[in-house]
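So the structure is just underneath, and the comments pick up after that.
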There are 2 protein chains.
Amino acid sequence: MRFEMSDIDHKRQLMSKHRKPPTMADIARITGVSPMTVSRAFKADSLINKETREAILQAAEDLGYVFDSTASNLRSQKSDFVAVTIPSINNANFADTVGGLSETLATRRMQILLGYTNYDMQEEERLIEQLLRRKPQAIVVTGGKHTDRARRLLENAPIPVIETWDIPAKPIGYYIGFSNAAAVREMVDHFVKVGYRRIAFIGGDVGRDTRGSDRRLGFVEAMKTHGLDSSRLIAAGPPPISMREGANAMARLLQEFPDTEAVICVSDLSAFGALTECQRRHIAVPSRIAIGGFGDYEIGSISVPTLTTINARSRDIGQRTGQLILDILDDRPDTDHVLIKPELIVRESSK
Amino acid sequence: MRFEMSDIDHKRQLMSKHRKPPTMADIARITGVSPMTVSRAFKADSLINKETREAILQAAEDLGYVFDSTASNLRSQKSDFVAVTIPSINNANFADTVGGLSETLATRRMQILLGYTNYDMQEEERLIEQLLRRKPQAIVVTGGKHTDRARRLLENAPIPVIETWDIPAKPIGYYIGFSNAAAVREMVDHFVKVGYRRIAFIGGDVGRDTRGSDRRLGFVEAMKTHGLDSSRLIAAGPPPISMREGANAMARLLQEFPDTEAVICVSDLSAFGALTECQRRHIAVPSRIAIGGFGDYEIGSISVPTLTTINARSRDIGQRTGQLILDILDDRPDTDHVLIKPELIVRESSK
DNA sequence: ATGAAAGCGCTAACAG
DNA sequence: CTGTTAGCGCTTTCAT
């Protein structure tokens, strides 16, 4: 009895914050095998005696052993994770992409190492360098525009590089995305078809949000194609564009171009903000002014009225990216890019 | 000229995906110094000749050298990051906490390694193990309830453990949070004071969302204290609770308890969903039924009407957590916990 | 201001 | 099925 007590005390001491954590060598000593056997016991597939493994795993659990990925990665010269950069931590679209990617990679026991650029290319550069230092198996970046140095870092990286959510002007490696301009063009085409003529666009004015700028560009091109006035452009400032900024932009739109019949917003969040501004002014949507958004966020499916929008298939982007990475690592990629087809969803906020 | 070309070709070859990436030893060879000097050149504070450093950094840039954190961390037995678990990647409150934490840690050049539990304790356990394997400097978890094994892993971890967003029943190490129950009690008190009596609660029915359950508990307690009926409880299912689920819950509430005067929702998102259900049914808010939310999400400040809510000071939680970690690492923590005081914000959706 | 030697914890490669 | 040896790329420690 006394012996057991002291044994427990010993274990507690071993596991305390002040002692060095146990290593495989410690487990090896206790179980009377070599460190290599301990290493094998932790790999699912390796040939090892069933009882030996069980004893080792038991000893590990008793000791409070935690596997050291750092040492493992260094020795085997490969890691078990993929680095990912997204603009914002709080965006349902990017969250869906990361979710789809994560679930696909999980089938191969790979993790995601995530970083946020805050829509800033300088920050993206810093982040890419940080992430590459940790030796990921692949790196996924959101967008196709980067600082010169970031581009160089990616080009020189000894791993696959995948750009997403854009069709890069000059792809670095692989890419999976769609044309933001073409998606908005489709919405403009629809708006024109159902009879709107005086159409405005909110957002996309700041170059650093390349996807937003692209959407705005698509608007301008489409309006010109239809021979319509493409100058009803309202700035909304740098991303992320809040609901509040959407509301403010709508207030300016109503002042500058009071006869506007429809407005396309750079995202559903700004579109909802714009809608609330109309509600506060008792301006009927869509009868007096129609509203379109982008991204198919939940709010657009539940607001009153619901919002016409574009579903960019964010989750698909992530899943396809994950599958591409697995194919590349298996050395059998079919292709170096995947084009995604966004879908126009017409709801109550427009004809 | 020809020489320059071949030089460039050589560099390209060195940097290609098929060659082994350069190491400090390569830089050392090229610049004619020892690897140790190269190592010093990358540390900001180390004593090293200015020109030597410049030559080394230049050579590194030319070679496309990327510092290997894995090797560095292994040798120095410490990393430069803090592990963090949050329930969801797409939640403005947790995003703010991570933002505050990230910005505080950045002052000491520390990074965040983030993982998502998807509101699942089993998933949290897996995640905690994964994160600990990478040897973070500290680990921050959201919430104070964990699986037995997760708790053991945290207790045995040789690093500081900080639980956030809750006041844990049995703290593992440090904690920074608030009482979700007390925050809701304050809202109930306010509602009773301004005259509401038949008050309902939406959400918090599933045990796995401990913060939601706590809020519901606070509601029940407060109603009992006031001698009011605390049985108007509407389930909303497992987290994350969507706007849609809030709307569905409101529909059930109106059916089951049609004379309800006010409803408190587990979050602003479900509160907004509930609001839209009222709008679809032309039920006036707040004159016919008042609505309260939780979390002070942007939508509650811009919806029509704006939503009464509770600001949990998510960003503060992150900043205080970051500061505590820095203090612990400097070996001078003032305290082992910080209590945050949420703030009731009364807006248009209630008296 | 710089270098030499050793080793962090794990596993590749080979041997038995 | 298990063990031995060596070494991943860096930095600690001790010299000079």
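Per chain, numbering begins at 1; letters A, B, ... match sequence-line order.
Between B:F42 and B:Y65, the two ring planes are tilted [angle within 30° to 60°].
Computed from coordinates, the B:R53 CZ to C:dA1 P distance equals 10 Å when rounded to whole Å. When rounded to the nearest whole Å, the span between CD of B:E54 and C1' of C:dA1 equals 15 Å. In this structure, CZ of B:F67 is placed 9 Å from C1' of D:dT11, rounded to the nearest angstrom. As rounded to whole Å, 16 Å separates atom P of C:dG9 from atom CZ of B:R133. As rounded to whole Å, 16 Å separates atom P of C:dG9 from atom NZ of A:K43. If you take OH of A:Y65 and P of C:dG9, they are 10 Å apart, rounded to a whole angstrom. Remark: P of D:dT12 and CG of B:N73 are 11 Å apart, rounded to the nearest angstrom. One interatomic measurement links the two molecules: CD of B:Q77 to C1' of D:dT12, which rounds to 11 Å at whole-angstrom precision.
Note on B:T23: every side-chain N or O is 4.0 Å or more away from OP1 and OP2 of D:dC8. Residue B:S76 places no side-chain N or O under 4.0 Å from the OP1 or OP2 atom of D:dT11. Within the structure, a side-chain polar atom (N or O) of A:T37 is placed less than 4.0 Å from OP1 or OP2 of D:dG3. Contact check, B:K20 against D:dC8: no side-chain N or O comes under 4.0 Å of OP1 or OP2. For B:K50 and C:dA1, the shortest distance from a side-chain N or O to OP1 or OP2 is not below 4.0 Å. Taking side-chain N and O atoms only, B:S39 has a distance below 4.0 Å to OP1 or OP2 of D:dT11.
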Could you check A:K20 against A:D26 for salt bridge (Lys or Arg N to Asp or Glu O under 4.0 Å), going step by step and ending with a plain yes or no? CA-CA 11 Å; A:K20 254 183 67 169; A:D26 296 321; over 6 Å; no
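Counting non-hydrogen atoms under 4.0 angstrom, B:S69 reaches nothing in the nucleic acid. Residue A:S34 is in base contact, counting any heavy-atom pair closer than 4.0 Å across all strands shown. Across all strands shown, B:I48 has heavy atoms under 4.0 Å from sugar-phosphate atoms exclusively, and none from any base. Residue-level contact check: B:T70 touches neither bases nor backbone, having no heavy atom under 4.0 Å from any strand.
Every residue was checked against the side chain to side chain contact (heavy atoms under 4.5 Å, CB included) condition with B:R109, not counting sequence neighbours, and none meets it.
Among the nucleotides C:dT11, C:dA1, D:dC10, the one closest to the side chain of B:N49 is C:dA1. Residue B:V33 has its side chain nearest to C:dG3 when only C:dT2, C:dG3, C:dT11 are considered. Listed candidates were D:dT11, C:dC10, C:dA12. Nearest to the side chain of A:M36 is C:dA12.
Each of B:G32 and A:D68 was assigned the nucleotide of DNA chain C with the nearest heavy atom; the assignment lying further toward the 5' end belongs to B:G32. In terms of position on DNA chain C, the residue among B:R75 and B:P35 whose nearest nucleotide sits closer to the 5' end is B:P35. Map B:A71 and B:R40 each onto its nearest nucleotide of DNA chain D; the residue landing nearer the 5' end is B:A71.
Between B:R134 and A:D80 there is a salt bridge, with a side-chain nitrogen of the basic residue lying less than 4.0 Å from a carboxylate oxygen of the acidic one. Under a 4.0 Å N-O distance rule, the pair A:D120/A:R126 does not qualify as a salt bridge.
Side-chain contact, A:E125 with A:H146: no donor N or O sits under 3.5 Å from an acceptor N or O.
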